[in-house]
Protein chains: 2
Amino acid sequence: MQSRTPVSRTGRPRSAAADAAILAATRAALVELGWSKLTLGDVAVRAGVAKTTLYRRWAGKNELVVDAVAELFDELTLPDRGSLAADIEGVVLQFAAILARPEARNGLMAVVAESTRDDALRERIRASIVDRQKRLVLAGRARAQARGELPPESDAREAERTVDLIFDMVAGAVVHRTLVSAEPADEEWVHGFTRVLLSGLSAPGP
Amino acid sequence: MQSRTPVSRTGRPRSAAADAAILAATRAALVELGWSKLTLGDVAVRAGVAKTTLYRRWAGKNELVVDAVAELFDELTLPDRGSLAADIEGVVLQFAAILARPEARNGLMAVVAESTRDDALRERIRASIVDRQKRLVLAGRARAQARGELPPESDAREAERTVDLIFDMVAGAVVHRTLVSAEPADEEWVHGFTRVLLSGLSAPGP
DNA sequence: GTATTACGCTACGACCCGTAGCGAAAGCGC
DNA sequence: GCGCTTTCGCTACGGGTCGTAGCGTAATAC
């Protein structure tokens, strides 16, 4: 998780408790202060560690916040609700619940913004957050194909493109709804979204 | 545009040229420095104005960047390409072209992140950027209905909800594709996206 | 001309940054 | 037990940015 894990055999080992305390303190600071007013000195005080300890483990604010936010998204699961539409609604609601938390909204958007000027940071976000959750799309598609709700893909490359497209559409829509439109992605909204995603705008309304 | 426009009848008027220079300098600084390293002192130097002048017109970094970015989105139009699908592809490509510019990506995401802790800022973003562009969705739907591609809406409230949903799906997907996935929203991608948006995932592939 | 406002400039205390240096603490191998 | 190695907490530092105050000057309305 940290910037580097020096596989040292000897010497005093790094405190794992300090790691957890620092990441939790970072999330708390994101809630109270937001991204721009968050200072590493303040995080160190909250976590009960020295500021120098923090700089020994993370290169800067960006990397620290990525790790602090990434932990939030690992709790996503894909419960079997019986149909593709219901499965999608279930996972989208979970995703919306995470994005409703201030530490997730604030931290995630800020590091994404910073990543437009920092390739290493963007790769860190991709590895720690985005690609880890693509498993949900893959699992959902496989389950839907087993049910006969989706046709089996013929071309492998085409299938991968579709997975990326779906991920962008789902994550993008929920993020935009939650953060930009500032409206809750509640059950009603998720239901309408899922209907359009599966059947399209041309289909007749409810 | 500024934080306040005191309708003063007497005294020396504010320089309109300074306004344009400051906003242009802000965009240039966003390109070169990014959000977090952008300082108001630096913007003032680039614009050739005193730092105090900048503080007299804008409350802070957030408000300044919102205004600087908002100007970028006013060039969006909805050209008549003959069909709903082609119209959507056209405007999405324009949107993607704007988001490909560093000053738009970096500035927009950063202020959206900050707006999660600042209601006034979020309202400013809504008024200056989001709601201004909803006209495109309205115009596209009206044109498609005139062509018979979309059914006329029966319920007004339902129709408004659909407009918001479409806006979140379109803007969200393009933003996520461009910024998070860091892949270009080129013609091929836009074509696939439009097909899903109109016909849904259940429809047969290409 | 006079009142009023905007402007440029300078200076200021306050805060945060990221790093260096030090002694103490906590493990590992013997 | 004992040394070796690495981490830890603490303090201190120069450098940078913040946002504001004060002042004299420039530009407009009446």
Side-chain angles (χ1 to χ4, degrees), chain A residues 1-26 28-30 32-65 110-111 114 117-118 120-121, chain B residues 1-26 28-30 32-65 110-111 114 117-118 120-121:
Chain A
M1 280 295 245
Q2 288 109 300
S3 52
R4 274 192 299 173
T5 309
V7 276
S8 54
R9 316 194 135 276
T10 176
R12 176 177 176 175
R14 285 189 172 171
S15 162
D19 255 45
I22 291 172
L23 292 177
T26 303
L30 276 175
E32 291 182 27
L33 303 174
W35 163 265
S36 59
K37 292 180 182 173
L38 179 149
T39 69
L40 296 197
D42 182 70
V43 170
V45 172
R46 288 172 191 261
V49 302
K51 191 172 62 165
T52 43
T53 297
L54 219 154
Y55 277 101
R56 286 189 193 102
R57 304 189 182 200
W58 282 277
K61 194 160 127 174
N62 291 334
E63 291 77 9
L64 174 62
V65 171
V111 293
E114 288 299 311
R117 292 195 38 79
D118 186 340
L121 182 63
Chain B
M1 281 295 243
Q2 289 109 303
S3 52
R4 275 192 296 174
T5 310
V7 275
S8 53
R9 317 193 134 278
T10 176
R12 174 177 176 175
R14 286 188 171 172
S15 163
D19 255 46
I22 291 171
L23 292 177
T26 303
L30 277 175
E32 292 182 26
L33 304 174
W35 163 265
S36 59
K37 292 181 182 172
L38 179 148
T39 69
L40 295 197
D42 181 70
V43 170
V45 172
R46 287 170 192 263
V49 303
K51 190 172 63 166
T52 44
T53 297
L54 220 154
Y55 277 102
R56 287 190 192 103
R57 303 190 182 200
W58 281 277
K61 195 159 127 175
N62 290 335
E63 291 75 11
L64 174 62
V65 172
V111 293
E114 289 300 310
R117 291 196 37 79
D118 186 341
L121 182 63

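What you see is a predicted model, and the numbers here were worked out from it, not measured in a lab. Heavy atoms only: backbone and side chains are in, while hydrogens, waters and symmetry mates are out.
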What does nucleotides 19-27 of chain C look like as a protein-contact string, B for base, S for sugar-phosphate only, - for none, at under 4.0 angstrom between heavy atoms?
BB----BBB
What's the verdict on side-chain contact (heavy atoms from CB on, under 4.5 Å) for W58(B) and L40(B), showing C-alpha distance, side-chain angles and the deciding distance?
CA-CA 10 Å; W58(B) 281 277; L40(B) 295 197; over 6 Å; no
Please round to the nearest 0.5 Å and tell me the distance separating atom CG of L64(B) and atom CG of L30(B).
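The CG atom of L30(B) is 8.5 Å from CG of L64(B), to the nearest 0.5 Å.
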Taking the minimum atom-to-atom distance to the side chain of R14(B), which one of dG19(D), dC7(C), dG18(C) wins?
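That would be dC7(C).
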Looking at dC16(C), dT7(D), dG19(D), which one has an atom nearest to any side-chain atom of R57(A)?
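In terms of side-chain proximity for R57(A), the closest of dC16(C), dT7(D), dG19(D) is dT7(D).
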Minimum heavy-atom separation for [X] and [Y], please, with both atom names.
{"X": "K51(B)", "Y": "G41(B)", "answer": "CD-CA, 3.9 Å"}
{"X": "A25(B)", "Y": "R46(B)", "answer": "CB-CB, 3.7 Å"}
{"X": "A18(A)", "Y": "V49(A)", "answer": "CB-CG1, 4.2 Å"}

Between [N] atom [atom2] and [X] atom [atom1], what is the distance in whole Å?
{"X": "K37(B)", "N": "dC17(C)", "atom1": "NZ", "atom2": "P", "value": "14 Å"}
{"X": "L54(A)", "N": "dC16(C)", "atom1": "CG", "atom2": "P", "value": "15 Å"}
{"X": "L40(B)", "N": "dT20(D)", "atom1": "CG", "atom2": "P", "value": "11 Å"}
{"X": "D42(A)", "N": "dC17(C)", "atom1": "CG", "atom2": "C1'", "value": "14 Å"}

R117(B) side chain vs E32(A) backbone, donor-acceptor pair below 3.5 Å:
yes
Could you check if a side-chain atom of L38(A) sits within less than 4.5 angstrom of a side-chain atom of K61(A), using non-hydrogen atoms only?
yes
Just so I know, are the side chains of D19(A) and R57(A) near enough to count as touching, which here means a heavy-atom distance under 4.5 Å?
yes
Take the C1' atoms of the five end pairs on each side of the helix from dG1(C)-dC30(D) to dC30(C)-dG1(D), get both axes, and report the angle to 10 degrees.
30°
Starting at the 5' end of DNA chain C, which residue's closest nucleotide do you reach first, L38(A) or S15(B)?
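Mapping each residue to its closest nucleotide by heavy atoms, the 5'-most match is S15(B).
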